[in-house]
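In this chain, numbering begins with 1 at the start of the sequence shown.
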Amino acid sequence: MDTGLIHIYCGDGKGKTTASLGLALRCAGRGGRILFAQFLKGRPTGELTSLAQIPAITVLRGKAILKFTFQMTDDEKRETKEAQTDLFHKVCAFCFDQKPDLVVCDELVGASALGLVPEEEVRRFLQEKPAKTEVVLTGRNPSQALIDLADYVSEIQKIKHPFDRGIPAREGIEE
């Protein structure tokens with residue numbers, strides 16, 4: 001790839017992470033090197049087992065968040081913000097040092113929207129990333145500033161979801 005573009009997969013529908021995983025697999029299948037970073041997630045999921053079997057993909061994850069931010073004490077919010085921002089700084093360092101072909105920042109849009117990763121740092125990263133590195137951000141409600149920086153913006157809209165009927169996340173499908 002000569003030019004690394006910026007993708008945002010957003011919306012309230014299921015499939016943002018799945019779409020980013022598909023792109024990571026496609027890139028690995030063509031000999032690319034990938035960094036797959038997950039923000040706001042800490043539970044073990046099926047994709048982590050699969051990604052661990054692909055040498056071209058490096059996975060970074062942050063500290064698990066066990067509560068919604070509105071349920072956290074001020075100390076918990078501060079600790080969560082520090083952990084999520086630290087993960088973002090690790091992603092940036094890896095990207096500038098290793099210059100991977102693809103960087104996926106799963107749920108970084110959400111972490112930024114919640115104030116857990118400063119959006120101005122995310123925007124600066126997108127503007128200064130290595131020229132050939134493709135970047136994917138996923139999550140709900142990207143700001144207009146992030147949308148303006150992106151080359152692709154795909155919104156995944158929920159029309160119907162089993163969770164609305166009380167069916168929890170299922171192993172191998174949602175987790």
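Shown here for Leu40 and Gly110, the closest heavy-atom pair between the two residues is CD1-C, 3.9 Å. Closest non-hydrogen pair, Val103 versus Cys95, comes out as CG2-SG, 4.0 Å. For the pair Pro142 and Cys10, the tightest heavy-atom approach, listed with the atom from each and the gap, is CD-CB, 3.6 Å. Between Glu119 and Ser143, the shortest heavy-atom distance links the atoms OE2-OG, 2.8 Å. Leu48 approaches Pro44 most closely through the heavy-atom pair CD1-CA, 4.3 Å. Closest heavy-atom contact between Val122 and Val117: CG2-CG1, 3.8 Å.
Listed by first then second residue, pairs satisfying salt bridge (charged side-chain N to carboxylate O under 4.0 Å, His left out) with a partner in residues 76-95 read Lys67-Glu76, Asp75-Arg78, Arg78-Glu82, Asp86-Lys90, not counting sequence neighbours. Residues in residues 152-163 take part in these salt bridge (charged side-chain N to carboxylate O under 4.0 Å, His left out) pairs, two or more places apart or across chains: Lys158-Asp164. For residues 35-79, the set of pairs meeting the ring-ring contact (aromatic ring centres under 6.0 Å, His included) definition, not counting sequence neighbours, comprises Phe68-Phe70. Residue pairs meeting the salt bridge (charged side-chain N to carboxylate O under 4.0 Å, His left out) criterion with at least one partner in residues 137-147, sequence neighbours excluded, are absent.
Looking at residues two or more places apart in sequence or on another chain, you find no ring-ring contact (aromatic ring centres under 6.0 Å, His included) involving Phe94. Ile167 pairs by the side-chain contact (heavy atoms from CB on, under 4.5 Å) definition with Pro162, Arg165, Arg170, not counting sequence neighbours. Applying the ring-ring contact (aromatic ring centres under 6.0 Å, His included) rule to Phe88 yields the partners Phe125; only residues at least two apart in sequence or on another chain are considered. Remark: Thr18 pairs with no residue by the side chain to side chain donor-acceptor pair (under 3.5 Å) rule, at least two apart or across chains. Among residues two or more places apart in sequence or in another chain, the side chain to side chain donor-acceptor pair (under 3.5 Å) test is passed with Glu121 by His89. Listed by chain and number, the residues in a salt bridge (Lys or Arg N to Asp or Glu O under 4.0 Å) with Glu47 amount to none (sequence neighbours excluded). The side-chain contact (heavy atoms from CB on, under 4.5 Å) check on Gln144 picks up Ile147, Asp148, with sequence neighbours excluded.
Under a hydrophobic clustering in which Ile, Leu, Val, Met, Phe, Trp and Tyr are joined whenever their side-chain heavy atoms come within less than 4.5 Å, directly or via other members, Val136 and Val59 fall into the same cluster.
Within the model, atoms CG of Leu21 and OG of Ser50 stand 8.5 Å from one another, a figure rounded to the nearest 0.5 Å. Considering CD1 of Ile6 and CG of Leu126, their distance stands at 4.5 Å, rounded to 0.5 Å. Between Leu102 atom CG and Ile34 atom CD1 the span is 6.0 Å, to the nearest 0.5 Å. Between the CD atom of Gln38 and the CG atom of Leu60 there is a distance of 10.5 Å, given to the nearest 0.5 Å. Separation of atoms OG (Ser112) and CG (Leu146) is listed at 5.5 Å; rounding is to 0.5 Å. Here CG of Leu137 is found 5.5 Å from CG of Leu108. Values are rounded to the nearest 0.5 Å.
Contact check for Leu23 versus Val104: no side-chain heavy atoms found under the 4.5 Å cut-off.
Listed by chain and number, the hydrophobic cluster partners of Leu5 are Tyr152, where partners are ILVMFWY side chains within reach of under 4.5 Å, directly or through others.
Phe96 CZ: more than 12 foreign heavy atoms inside a 6.0 Å radius.
At least one donor-acceptor pair under 3.5 Å links the side chain of Ser20 to the backbone N or O of Thr17. Counting only distance, with no hydrogens or angles, the side chain of Gln157 and the backbone of Gly11 share no donor-acceptor pair below 3.5 Å. Between the side chain of Thr85 and the main chain of Leu116, a donor-acceptor pair closer than 3.5 Å is present. Side chain of Lys41 to main chain of Glu107: no donor-acceptor pair is present (N/O by atom type, distance under 3.5 Å, no hydrogens or angles). Under the 3.5 Å distance criterion, the side-chain polar atoms of Arg33 are matched with a main-chain donor or acceptor of Gln98. Judged purely by atom type and a 3.5 angstrom limit, Lys99 has no side-chain atom pairing as donor or acceptor with the backbone of Thr133.
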- [ ] Report the C-alpha distance between Thr80 and Thr69 in whole Å, list the side-chain angles of each, state the deciding distance to 0.1 Å, and finish with yes or no for side chain to side chain contact (heavy atoms under 4.5 Å, CB included).
- [x] CA-CA 9 Å; Thr80 300; Thr69 53; 5.5 Å; no

